[in-house]
Structure formats: C-alpha cells, structure tokens
Amino acid sequence: MNQLTAILEGIGSTVQLLFRAAFYTPTLWRQRARFIEQCYLIGYTTLPIVAILSFFIGSVLALQAGYSMSNFGAKQFIGSLVGLSMARELGPVMAAILLAGRVGSAIAAELASMKVYQEIDALETMNIPPARMLVLPRLAAVLVMMPVLAIIADLVGWFGGALISKYTQSIAIEPEAYFSVLRRFMEFKDVLNGLIKAEVFGFVIVLVSCNIGLNTRGGPREIGAAVTKAVVTSLILILVLDYFVTKALMHLQS
Amino acid sequence: MTCHPTRNPFTHSETAAVGVAVEGLSKSFGHFEVLKNVTFSVKPGEIFVLMGPSGSGKSVLLKHIVGLERPTAGRVTVDGRDAAAESTREQVRMALVFQSGALFNSLSVYDNLALYPREHRIANEAAIREKVMRALQILSLEGTANKAPSELSGGMKKRVAIARGLVMEPQLMLYDEPTSELDPVMSATIAEIIATLKEEYHVTSIVVSHDRELALGIADRVGILMGGELVSLGTPAELRTPRDPRVAEFLNPKIDLKHPRFKKLET
Ligand SMILES: Nc1ncnc2c1ncn2[C@@H]1O[C@H](COP(=O)(O)OP(=O)(O)OP(=O)(O)O)[C@@H](O)[C@H]1O
Ligand SMILES: [Mg+2]
C-alpha cells in the first residue's frame, strides 16, 4: 500500500515537473550555453560505449542468424535481419540502457547532492526555478542527442554484422550482398520507428532522473539511493515503454 | 522611519521596504513539534535579531519566512503576502544566507554571485562584474573570485554566502548565524554591513545569531526562541535586565568549574 502511494506520488511529481519545465521552453535560447554543455556531456559520456556495444550486438546477431538460417538455406537474408533488428529494436534500446547507466545516474547524483546540500533551496529563495535552470536544458539536450545515439548504434551494428558475415567461414557473405539485402527489405520508416522509440526512452530517462534527484530528502546516503533508484526505474521504464511504444507505432502505421 | 523606501544601491530605483508578520506559527515534523504558536512581527526597515539555544527552531523559522517550509498551523506574511505562495518570491526580493552557506559547488565564487543578476537579467555583464567585485571587496574576498567553493575555508564560505545575498540587493535579508565562523574583526564588519544596509538602503533584516555583541549593538528588537516558543521579545536595552530566569541564564552563562553543568545531568 505504501509502495503503491509512493509510485503514484512519483508519477504525479514527474508529470508536474514536465509541465513546469515545458512552461519555461521560451527561455531555452538564452540558456543555450547550458544546453550545449548538456549535449556535449551526453555525447561525450555515451557515444563511445554505445558504439562499442552496438558493434558487438550487430556481430552476435549476424552470427546467430547465420547459425540458424543456414539450416534452411536462407543465410543470404542475414543483412535484412540484422538491419531490421538493430533499427527497430536493439539500437534504440541499447542506446537507452546506456543512457540510463551513464547520464541518468549522473543527473540523479548531481541534483540529489544539490538538494541535500541545500543548493536547490538556495535557488528557490533566489526565485530561480530548478525546472528552468536544471531540468529544461537537460531535456532539450537529450531530445537532440538521442536520435544521434540511435543512428550511430544502427550504423555501427550494421557494420559489425557485415564484418562478421564476411569473415565467418560458415556464412561468408560479401558486404555488397549483405547491404543490398538490408536495403531491399528495409524502409526509412523502420529507422524512423526506432528513432521515435529512442526519443521517448531518452526523454523519460532524463525526466525521471531529474525528478528523483530533486525529490531526494535526508543526508549524503540518500544521494547513493537516488542514483540506484533512478537507474532501476529507468531500466524498468525502458522495457515497459518498449512494448507499448512498439504497439502504438504498429497501430499507427497499419 | 517605517515609511522609508528601500533604495537600490546600484540603480537607485526605489521600492518600498517590507515588513514580516508571523502569526500563531506552529510547525511539526511528524510528531515532533519544532515551533509552537510563535507570533511576532518585523517592521519595514527594522533589524530583528533572533537568538536561542541550538535546536530551538531558529533555522526552521527562517525557512518559513522565505517559503521553503509550510506552516502546520498559523501564517507567515511578507509585505502582507503569504510567504508560502510562490508568487511572493516574485514580488518581494528576499535573500537568505544559509547556515551552511549553500553555495553552488559546481560554480566558481564569481559565478555564484553573478547567478542571480544573470538569471533575472538585471544588468549587463560589465555592470554585473562591477557589482560582484564590489561585494567581494566589501567582504575581503577579492582573491577568491575564481576559486571553487570547495577550495574555501568555512568562514570564507560564509562570507561568500553573505556577498551573494548582497549582490541580490534584497528588500528583506535573512542571515542564519552570519558570524558563527568568523574572527572578531570580520564579525564586526558583518555587523556594520547589516547596520549600513538598514541606515542607507532601508533593508529589513532578520538575523539569527548567538553573538550577543551583535544583537545588543545593532538590533532594533531581539526575540529569544527556546524549545520552539518565543519566550522573550524586546529592545536590546530591555534585554540587559531580563526578567525570565531562563533568558538570563542563556544570555549570561557563568562558566562554573566547581559545579560543571554536564555533571548535574548525572544526578
Ligand atoms: N527537515 C526536518 N525534519 C525533521 N526535523 C527537523 C527538520 N529540520 C529541523 N528539524 C528539527 O527541528 C529542530 C530545530 O531545528 P533548527 O535547525 O531550526 O535549529 P536551530 O535553532 O537553527 O539550531 P542551531 O542554532 O543549532 O542552528 C531540531 O530539533 C531539528 O532536529
Ligand atoms: Mg540553525
């Protein structure tokens, strides 16, 4: 019962924070320095690891597909399988999971420590809303950076798949053949689909992490608790939202 | 003197001095009652000093005045407006010097001071620079402008927090133990600053302090809070001859080596 009210309270305060931040959207231009700093932080912390992970995910996909598809002589379609899985599902989800681990945790830690050490109180007495100064630039930055992360994940994943397909003896498909199948069976809307998902995940992760950080109460120990809570909540939300967003997008496109 | 306006020291624009009224304020955290039916008022342009033992609820009281806490019962108004309402902060310029300083740790000292005028677009960068450097100079902090708060000593942090309040040019300034970590000369400087803000700019000040000299030297009135109750309220002159024995003991504790206080606890 207590947990249920805590969850409902969390949802309520998150939605409230969203509206507060949205209200200050017109101030974004004069906060452009903060916005650029946040874009840089998201890119700098998340891009390299997204690239590395997607490379291996693409490779494994090709390997597994080669193993199962060559049994019924369909291994020339590996390109389309890797292409679609990365673009529609794994690219956005991997990028989101890494964003939760690197950016969500950092946001929760920073805002929680500002709260615990009364910096947030100081901002409020100075009539500088935290939603404007701390939340809005981060939300705007993630909206800009998330598609970039997802596209990089897709491209590197495809490339990893192509490399493995060429150099694994049991598959041995040339990159030209791999990419021509990939192009034939994929449409732009598949990539777009993935980008929309990435956008939703990224936005929710940053919003939830900000809210958890700003609602921290107590001493330094709660900072660690806030970080854990932000990451765990983000991961759960990614997987739950994944289902619903996928379903909604399919419904829209049919 | 109550009708003097607050003059803005930099733009010389004038805004009315503000008063504060605390009416029957009670505050509980869970079952723990921190403030019990506290009533007093601070007139526009007055220096009100609040004293009291550690843990008596002074910081909690200040937080109610700036609207960071909401009363369990009773009401706090600033310039006639409900202190708990968000709009009050937009109408009345208030600065609170936190007991811990509450500096922004990710910003340099300079940026800590410049944040308020920048965010509220009060002046251009050159004018802000002038203001900030002047505030730092007043508090002998010129050398620290580019330092991070983590590189400062406790007393320096306190002074930066005061300087940050000064740059805001508030109508109402609240200080939570501004002199507790400072040497005697610096403490005197702070007392002079508070008195000057009153004399020249008619800023209303509420000062929480354990510093008797400061209280008796610059206060218009002194309130004493004990266990969440306001047990005494009067001018510094009245305070020199307190009637309440608890207040007398609090203001003039004798160091008694023959019968130490902590030993009385054991019997
Ligand atoms: N957020 C809070 N939750 C629960 N209890 C609190 C909270 N804030 C303060 N208290 C309690 O309220 C009481 C008064 O605290 P306050 O900080 O106002 O004391 P103070 O008079 O400022 O003391 P000091 O002179 O040591 O600063 C203390 O017993 C404290 O434990
Ligand atoms: Mg205190």
Q.
For B:R70, is the CZ atom crowded, meaning more than 12 foreign heavy atoms sit under 6.0 Å from it?
A. no
Q.
Measuring from atom OG1 of A:T125 to atom CG of B:L96, what distance do you get when rounded to the nearest 0.5 angstrom?
A. 5.5 Å
Q: State whether the number of non-hydrogen atoms from other residues, nucleotides or ligands found under 6.0 Å of A:K229 atom NZ is greater than 12.
A: no
Q: Mark yes when over 12 heavy atoms from residues, nucleotides or ligands other than B:E142 sit less than 6.0 Å from its CD; otherwise mark no.
A: yes
(Q) Are there over 12 heavy-atom neighbours, none belonging to B:F29, within less than 6.0 Å of that residue's CZ? (A) yes
Q: Please report the shortest heavy-atom distance between A:A122 and B:A102, naming the atom on each side.
A: CB-O, 3.9 Å
Q. If you count the non-hydrogen atoms of other residues, nucleotides and ligands that lie under 6.0 Å from OH in A:Y117, is the total more than 12?
A. no
**Q.** Pairwise side-chain contact, A:R30 with B:R121, heavy-atom cut-off 4.5 Å (strictly under)
**A.** yes
Q | Residue from B:R93, B:M94, B:M168, B:R89 passing side-chain contact (heavy atoms from CB on, under 4.5 Å) with A:N127 | A | B:R89
Q) Where the side chain of A:Q118 meets the backbone of B:S100, is there a donor-acceptor pair that is under 3.5 Å apart? A) no
Q: Working to the nearest 0.5 Å, report the span between CG of A:L123 and CG of B:L115.
A: 6.5 Å
**Q.** CZ (B:F104) with more than 12 external heavy atoms under 6.0 Å
**A.** yes
Q: Please look at B:L174 and chain A and tell me whether the side chain, the backbone, both or neither of the residue comes under 4.5 angstrom of a heavy atom of that chain.
A: neither
Q) Of all heavy-atom pairs between A:M126 and B:Y116, which one has the smallest distance, and what is that distance? A) O-CE1, 3.1 Å
Q.
If the threshold is 4.0 Å, N to carboxylate O, is there a salt bridge linking A:R34 and B:E119?
A. yes
